[in-house]
Amino acid sequence: MLDKIRNILKLLKSVDFEQLNKISKKVDLGAVLGAVSKMDEKQLQMAMKMLTGGSGRKKELPPINADFYGMENKLSAEDQALLLKIRTFLETEIKPLVNNYWLHDEFPFEIIPKLAALNICGYTFEGYGCAGGKSLMDGIIAAEFGRIDPSIATFLGVQSGLAMGSIYTCGSEEQKNEWLPQMQQFKKIGAFGLTEPEVGSGAAGGLTTTCQQTADGWVLNGQKKWIGNATFSDITIIWARDLGDGEVKGFIVKKENPGFHVEKIKGKMALRIVQNGLITLTDCVVPEADRLPHANSFKDTAKVLQMTRAGVAWMAVGCARGAYENALEYTLKRKQFGKPIASFQLIQNHLVEMLSNLTSMQTLVFRLSELQDEDKLRDEHASLAKVFCTLRTRDIVSRAREVMGGNGILLEYNVARFLADAEAIYSYEGTKEINSLIVGRSITGFSAFV
């Protein structure tokens with residue numbers, strides 16, 4: 001009896017009677033005590049866990065790992081160090097500023113010298129100040145840039161792949177020596193003019209921009225649309241159909257060339273940092289010295305596109321990875337009903353679907369670049385990767401926005417930008433339909449192009 005009295009006195013000392021009085025006005029304390037007295041030990045433990053929020057120890061969560069199959073572990077120590085250097089640069093120098101520039105439809109010119117210092121432009125080219133690296137690492141670089149911002153990744157892709165690639169693949173030795181070292185260090189900026197207002201992915205058969213040889217050189221007439229970097233580029237690679245032989249030829253056109261005019265395309269909902277231009281060529285005279293001598297048919301243009309299309313697939317992987325990582329981080333922090341939403345079944349299902357698609361994409365492009373390094377890459381290989389990766393990216397960014405609810409449409413949470421940018425990646429460098437027909441022709445032997 002004395003022990004019972006001592007326990008009661010001890011309990012009374014620990015009771016906050018003022019707080020108890022407040023609680024008694026909200027709940028029937030007698031009923032609560034009656035229910036508690038009927039609980040077994042397991043039920044009491046569960047009740048205490050709910051009331052106290054668990055053991056009091058903070059749950060240690062697994063790190064966010066979007067490289068689920070460890071593909072990056074296959075890289076050499078040197079390449080892993082380069083990847084870490086690029087990742088750190090992007091996290092510290094690029095990520096903090098992209099939302100503001102994306103919102104205002106402007107380009108952050110202050111990053112150009114910093115990009116030059118990375119020494120990664122024209123990464124796979126031999127000589128001319130370029131690294132002469134592997135296509136695999138070049139793809140990983142594209143994905144890493146896409147993971148932080150697809151617009152900056154596109155800027156680099158146009159400069160390093162399309163513009164420099166055209167000169168490297170189709171240019172003379174004099175042209176390569178003049179332009180590639182400067183472009184590699186971003187001292188000169190390039191653009192790539194193939195797409196037209198009425199001709200997109202069907203450029204192989206319907207290019208309307210024309211060129212005609214005269215005593216003074218070549219006269220170019222026509223328009224090019226959606227040309228990235230065009231509003232501030234020093235040179236633009238222009239592809240035009242020769243009125244003489246009907247073949248497609250390539251030209252290095254300087255920004256100060258008479259008859260060359262660029263108008264900025266406004267009102268975009270995607271890749272807003274990329275400065276796309278509408279180019280008008282009006283009796284634009286280009287000297288023979290600025291014609292790409294090894295660009296004499298669309299097959300030569302296609303060599304450049306095959307190379308860069310693989311890069312677009314990698315960029316899609318990066319865009320998807322950025323959306324997935326931001327969404328996963330959000331679900332681990334966002335709480336509903338007293339718990340992180342990452343603990344809910346439906347949210348976990350979305351996350352696993354996203355990771356499944358992302359991992360499939362990563363393994364596909366990894367092998368794609370291995371084929372490229374083995375000199376076995378074919379058009380249909382690059383087209384299949386572009387189709388699959390951009391389709392899956394659309395699904396991933398959609399699910400990322402889904403798990404974030406209303407916050408998914410706010411720039412500050414990053415996923416809204418990936419959601420919009422994925423639409424542009426889906427369309428450029430050949431639509432899903434055109435790339436599907438390239439693969440279809442390969443596997444059936446029939447060309448279904450109109």
Side-chain angles (χ1 to χ4, degrees), residues 75-90 93-94 111-146 152-192 228-229 233-237 250 252 254 290 292-295 300-315 318 365 368-377 382 429:
L75 299 176
S76 67
E78 182 182 1
D79 284 343
Q80 288 188 35
L82 176 58
L83 174 58
L84 180 60
K85 176 184 176 182
I86 293 170
R87 183 169 293 171
T88 302
F89 167 79
L90 291 167
E93 299 288 344
I94 304 298
I111 71 171
I112 291 180
K114 298 176 182 179
L115 287 173
L118 285 177
N119 201 34
I120 57 172
C121 195
Y123 185 77
T124 60
F125 304 144
E126 298 280 352
Y128 315 102
C130 302
K134 296 291 187 181
S135 297
L136 176 59
M137 191 61 203
D138 193 45
I140 289 173
I141 291 170
E144 201 60 32
F145 270 75
I152 303 300
T154 299
F155 165 73
L156 178 63
V158 171
Q159 173 79 358
S160 178
L162 290 168
M164 288 182 69
S166 295
I167 296 173
Y168 185 82
T169 304
C170 303
S172 66
E173 199 58 38
E174 291 76 16
Q175 290 168 340
K176 294 177 187 180
N177 285 316
E178 179 181 1
W179 295 108
L180 294 182
Q182 296 187 83
M183 295 175 75
Q184 198 276 336
Q185 280 297 302
F186 293 92
K187 293 177 181 178
K188 296 293 183 181
I189 302 299
F192 180 86
N229 303 353
S233 61
D234 296 288
I235 60 170
T236 302
I237 307 299
I252 301 171
K254 302 179 183 70
D290 289 338
L292 297 174
H294 302 297
D300 298 316
T301 317
K303 293 176 185 176
V304 181
L305 295 176
Q306 182 195 86
M307 174 180 60
T308 57
R309 191 165 289 147
V312 174
W314 273 102
M315 197 185 304
V365 293
L368 178 74
S369 289
E370 286 182 338
L371 289 170
Q372 198 166 5
D373 285 327
E374 295 166 4
D375 200 25
K376 296 178 181 176
L377 181 69
E429 292 252 10

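Please read all numbers here as calculations on a predicted model, not as lab measurements.
- The two residues Gly190 and Ser233 make their nearest non-hydrogen contact at C-CB, 3.9 Å.
- Separation of atoms OG1 (Thr88) and CG (Leu83) is listed at 9.0 Å; rounding is to 0.5 Å.
- Among all heavy-atom pairs drawn from Gly122 and Ser160, the shortest one is N-OG, 2.7 Å.
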Trace of the side-chain contact (heavy atoms from CB on, under 4.5 Å) decision for Asp300 with His294: CA-CA 7 Å; Asp300 298 316; His294 302 297; 6.0 Å; no

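- Atom-to-atom distance recorded for Gln185:CD and Leu115:CG is 11.0 Å, nearest 0.5 angstrom.
- Checking Leu162, Thr301, Leu292 one by one against Ile237, the side-chain contact (heavy atoms from CB on, under 4.5 Å) holds for a single residue, Leu292.
- Atom NZ of Lys134 is surrounded by 12 or fewer heavy atoms from other residues, nucleotides or ligands within 6.0 Å.
- Looking at heavy atoms from C-beta onward, Trp314 lies in side-chain contact with Ser369 at the 4.5 angstrom threshold.
- Residue Gly146 comes nearest to Ala153 through the heavy atom pair N-CB, 3.6 Å, listed as atom of the first residue, atom of the second, then distance.
- Here Asp79 pairs with Leu75, Ser76, Tyr123, Met137 under the side chain to side chain contact (heavy atoms under 4.5 Å, CB included) rule; sequence neighbours left out.
- A heavy-atom distance below 4.5 Å is found between the side chains of Leu156 and Phe186.
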side-chain contact (heavy atoms from CB on, under 4.5 Å) assessment of Glu173 paired with Lys176: CA-CA 5 Å; Glu173 199 58 38; Lys176 294 177 187 180; 4.1 Å; yes

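- The closest side-chain donor-acceptor pair between Gln184 and Asn119 falls under 3.5 angstrom.
- In this structure, CZ on Arg87 lies 10.0 Å from CD on Gln80, to the nearest 0.5 angstrom.
- Counting only distance, with no hydrogens or angles, the side chain of Arg309 and the backbone of Glu429 share a donor-acceptor pair below 3.5 Å.
- Aromatic ring pairs are classed by plane angle as parallel below 30°, tilted from 30° to 60° and perpendicular above 60°; the pair Tyr128 and Tyr168 is perpendicular.
- In Lys254, the NZ atom is crowded: over 12 heavy atoms of neighbouring residues, nucleotides or ligands sit closer than 6.0 Å.
- Side-chain contact between Glu178 and Ile167: absent, with no pair of heavy atoms (C-beta onward) separated by less than 4.5 Å.
- No more than 12 heavy-atom neighbours from other residues, nucleotides or ligands sit within 6.0 angstrom of CD on Glu78.
- Counting all heavy atoms, side chain and backbone alike, Ala163 lies closest to Gln159 at CB-O, 3.9 Å.
- Using a 4.5 Å cut-off on side-chain heavy atoms (C-beta onward), Phe192 and Thr308 make no contact.
- Residues Met315 and Thr154 have side chains in contact (heavy-atom distance under 4.5 Å, counting atoms from C-beta outward).
- Side-chain atoms of Ile120 and Asp138, non-hydrogen and from C-beta on, never get closer than 4.5 Å to each other.
- Of the possible polar contacts, one joining the Asp373 side chain to the Ser135 backbone as a donor-acceptor pair under 3.5 Å is found.
- Residues Ile111 and Ile94 are in side-chain contact: their nearest non-hydrogen atoms beyond the backbone lie under 4.5 Å apart.
- Atom CG of Leu180 and atom CE of Met164 lie 5.0 Å apart (nearest 0.5 Å).
- Shortest non-hydrogen contact noted between Leu118 and Lys85 is CD2-CE, 4.0 Å.
- Side-chain contact between Met307 and Gln372 is present, with at least one heavy-atom pair separated by less than 4.5 Å.
- Scanning all heavy atoms of the two residues, the minimum distance from Leu368 to Ala310 falls at CD2-CB, 3.7 Å.
- Taking CD1 of Ile189 as the start and OG1 of Thr236 as the end, the distance is 11.5 Å to the nearest 0.5 Å.
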